[in-house]
Every structure is written in structure tokens, then in C-alpha cells.
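In the text below, chain A, chain B and the rest are named by the order of the sequence lines, each starting its count at 1. Treat the numbers as computed from the prediction; the structure is a model and nothing was measured.
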Amino acid sequence: MKTFVLPILVSALATFIPRVIPYWVSFLDKLPPLLSRMLRLLPIAALGPLIFPGVFLDYTPHLWAGFAGISASFILAYFKGGMILPILSSIVVTYFALMLGA
Amino acid sequence: MSERNLTFSTGCKDGFPIFVGYFPTAMAFGLVVKNLGLRLWEAVLFSVTNFAGSGQFLAASLIGSGALLAELFISVLLINLRYTFMGAEVARRLEDGITGVKRALIAHGTTDEVFAISLMNPDRLPASYMAGLELTSYAGWVGGTALGFLVGLVLPLALQLAVGVTIYAMFSSLLAQEFRQKGVRVLLIAAISAGTHSALTLLFGVKIGWSFVISMLLASFIGSLIIREDL
């Protein structure tokens, strides 16, 4: 049976390195402002490709089922905040969208 | 949070809301990697060694698409670069005399939520408080992963497919919160990276890992040019 240990550990390393660096060295105050701003925007820039086009492709041929779900979570998170209710709502909406054959 | 005694048990109390938030998200992760073909112990190993929400979901989708290890390493590294900034703040606030393995363990537990909660304290942060806060969050993440995997063994397929939306729902909730706090430019940056990634993978056949890296760097570069002040 295929083992996934190597990619899991590679991912762990790619997580631990950026985490542990600032606990030993402090260089962040010395970065040029443009680079510093760019690095701070990376998490926001990551959200786009984390959602698209996967949220459509995962549900082929029901292309819009997943999108209906995340629209519900987006709206709830915007107005109510938090994560639990938005996530639960997206599951319910996606389930019914799949049932209805969206 | 005003003057409080920052002990191990205060840390656990502060970590409880994080536990509640992590548990269902980690369950979704357990479900996702079960469907990728991981075994239970591998799913748990994943959460134990990584302990990172979006990084783990990204790694899982790259593993699922058969990405090279180099693609995996660079993409996960980029999405986790924010921890470098968070860690810098937490490290500044730690009590003196926390060194070596303790420091490394605190670093391993520095997630977005741990960062936010710990910095609400006006005082210097003792290792015992950080241990309580991080271990409680960690328990939610690792426990949720295992339970999600096990639930996946009995859940009907249609419901599993619906639960698979959780990963995207998590990101869209994060996007909505960023949008509310920082305005419409957040959506613009996310739209640039989403559009670039979709075009590169669907139209030009670029491999998903590299496309992710390129679209992320491009969008944050454009963002840094159009946004002068710190977001």
C-alpha cells in the first residue's frame, strides 16, 4: 500500500521552518517596505487559488453546488463572524444543491 | 483581559474557544485525507507534525493531484510565511529565559488563532501559559482529525461530498472576515490570484503547485503596489 509519510514530513518542514525562524533571529524590521507589504499580503493572495477553481471542479458535473455552499458561508461569516456556523451552513446548502442537481 | 495570573490553566481556558473552532475544521481535514487514501495513523501524523489549517489543506490537495515534493515544499512554505511575522510578535512578548526546546515547541504551536489570543494579554507571556493555550488548541486539531477520519468510514457518500465543501467554506469565511476588516482591496487581491490560478491550470496546463506559487506571488506583488499602507 502506498505510503504518504514523505510528503507529510516535507509539508511539516515547510511549516516548521517559517514558524521557528523568528524565535531565533529578528530580521523582519530590516526588510524593505515593499517586500514587507508583499509578504503580509501573501495569506490573502493564497485564499483565491485555495478556493478557485477547485470549488467548481470538485463537484463536476454539479458545478454550482460547492459555490452555493461557500456563498452561504461567505455571507454568514461577513455578517455574523466566526467559522462554525458558516461552515455548517455551507455543508447543508451544498447537500441540498447536490440533491436538487444544481 | 486585564491583570490576570497567566498560568497553565489560564492558558487552557483561553484555548478552549480555539479548541471548539478547530474541531469541526480538523474533522473535515480527516475526511478529506481519508478520501485521498491516507490511513488513520497517517492522518494523525499529518496533524501532529504540521498543525496548520490552510497549509495542511493545501498540502492535501497537492498530494491528491500528485504534485512533486519541491512544488509541495515551496507552496506550503509560502502559505505559511505569515507565521514568521506572527512568531516575531509572540517571541518579543515571551518572558525572558525561555530557550531551546521550549522555544521550538512554542514556535510549533503558533497558529493564527494562538497568535491572536496570546497577544490580547498585556503582560509578558510565561511558557506555562503558552503551553496550556497551545496544547488545548492542539488537542482540538489532532482529535478532530482522528474523529473526522473515523466518521468518514460510516458517512454516506452524498453527505461526504457535501462535507468536502468544508475546506472551501473555511477559506471563504476567512476571506469574508478579511474583507470586512480591510475593505474591498482584499477581494481584488484574491480575485487576481484566483483568476491567475484558474487560467494557468485550466488553459495553459501549468502544474497546480507551481501555478499556486506564481499566482500567489503575482497577486501579492500587485497588491503591494496598489496598497501603500499596511493592511
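- Shortest non-hydrogen contact noted between B/E42 and A/T3 is OE2-OG1, 3.3 Å.
- Residue contact with chain A, scored on non-hydrogen atoms closer than 4.5 Å, is absent for B/I74.
- Contact count versus chain A (heavy atoms, under 4.5 Å) is highest, among B/S172, B/A91, B/G109, for B/S172.
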_For a side chain to side chain contact (heavy atoms under 4.5 Å, CB included) check, start with the C-alpha distance between A/F67 and B/V165, then their side-chain angles and the critical distance, and finish with the verdict._
CA-CA 9 Å; A/F67 188 76; B/V165 83; over 6 Å; no
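- Proximity to chain A involves both the backbone and the side chain of B/F51, based on heavy atoms less than 4.5 angstrom apart.
- B/N50 and A/I8 get closest at one heavy-atom pair: ND2-O, 3.4 Å.
- Among all heavy-atom pairs drawn from A/R19 and B/A107, the shortest one is CD-O, 3.1 Å.
- Neither the backbone nor the side chain of A/F56 comes within less than 4.5 Å of any heavy atom of chain B.
- Rounding to the nearest 0.5 angstrom, the gap separating the CD1 atom in B/I79 from the CG atom in A/L50 is 4.5 Å.
- Only the side chain of A/L57 has a heavy atom closer than 4.5 Å to any heavy atom of chain B.
- Taking CG of B/L81 as the reference point, atom CD1 of A/I21 lies at 8.5 Å (rounded to 0.5 Å).
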*asked:* Apply side-chain hydrogen bond (donor to acceptor under 3.5 Å, both in side chains) to residues A/Y23 and B/T110 and explain how you reach the verdict.
replied: CA-CA 11 Å; A/Y23 284 87; B/T110 313; 2.8 Å; yes
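- Looking at B/V48, there are no atoms closer than 4.5 Å to chain A (heavy atoms on both sides), in backbone or side chain.
- Contact of A/L88 with chain B is not made at all, since no heavy-atom distance falls under 4.5 Å.
- Side-chain contact annotation: B/Y168 with A/S73, donor-acceptor N/O pair under 3.5 Å absent.
- Rounding to the nearest 0.5 Å places OG1 of A/T15 at 8.5 Å from NE2 of B/H108.
- Most heavy-atom pairs under 4.5 Å with chain A, from the set B/S198, B/G223, B/A219, B/S54: that is B/S198.
- In terms of non-hydrogen atom pairs under 4.5 Å with chain A, the most contact-rich of B/I192, B/L94, B/L159 is B/L159.
- Neither the backbone nor the side chain of B/A191 comes within contact range of chain A; no heavy atoms are under 4.5 Å apart.
- Between B/A162 and A/Y59, the shortest heavy-atom distance links the atoms O-OH, 4.1 Å.
- By a heavy-atom distance cut of under 4.5 Å, B/L58, B/A59, B/I63 are the residues of residues 55-66 of chain B near chain A, going up by number.
- Rounding to the nearest 0.5 Å gives a distance of 13.5 Å between CZ of B/R82 and CG of A/L41.
- Expressed to the nearest 0.5 Å, how far CZ of A/F52 lies from OG1 of B/T201 amounts to 12.5 Å.
- Contacts of A/I87 with chain B are made by both backbone and side-chain atoms, with heavy-atom separations under 4.5 Å.
- When all heavy atoms are compared, the tightest approach of B/L72 to A/P7 is CD2-O, 3.4 Å.
- Each of A/G54, A/P86, A/G69 has some count of heavy-atom pairs under 4.5 Å with chain B, and the biggest count is that of A/G54.
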*Under the side chain to side chain contact (heavy atoms under 4.5 Å, CB included) rule, what do A/L34 and B/L225 come out as? Steps first, then yes or no, please.*
CA-CA 8 Å; A/L34 185 78; B/L225 293 178; 3.9 Å; yes
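- Both the backbone and the side chain of A/Y95 have a heavy atom closer than 4.5 Å to some heavy atom of chain B.
- Both the backbone and the side chain of B/L217 come within contact range of chain A, judged by heavy atoms closer than 4.5 Å.
- Atom NZ of B/K207 has more than 12 heavy atoms from other residues, nucleotides or ligands within 6.0 Å.
- The shortest heavy-atom contact between B/S193 and A/G48 is OG-CA, 3.7 Å.
- By the 4.5 Å heavy-atom criterion applied to side chains, B/Y83 and A/P22 are not counted as neighbours.
- Per-residue heavy-atom pair counts under 4.5 Å with chain B were compared for A/I70, A/L35, A/V93, A/L13, and the maximum is reached by A/I70.
- Note: B/L161 CG to A/L98 CG = 5.0 Å, rounded to the nearest 0.5 Å.
- When the candidates A/L6, A/I91, A/V92, A/V20 are compared by the number of heavy-atom contacts under 4.5 Å with chain B, A/I91 comes out ahead.
- Around atom CZ of B/F115, more than 12 heavy atoms belonging to other residues, nucleotides or ligands sit under 6.0 Å away.
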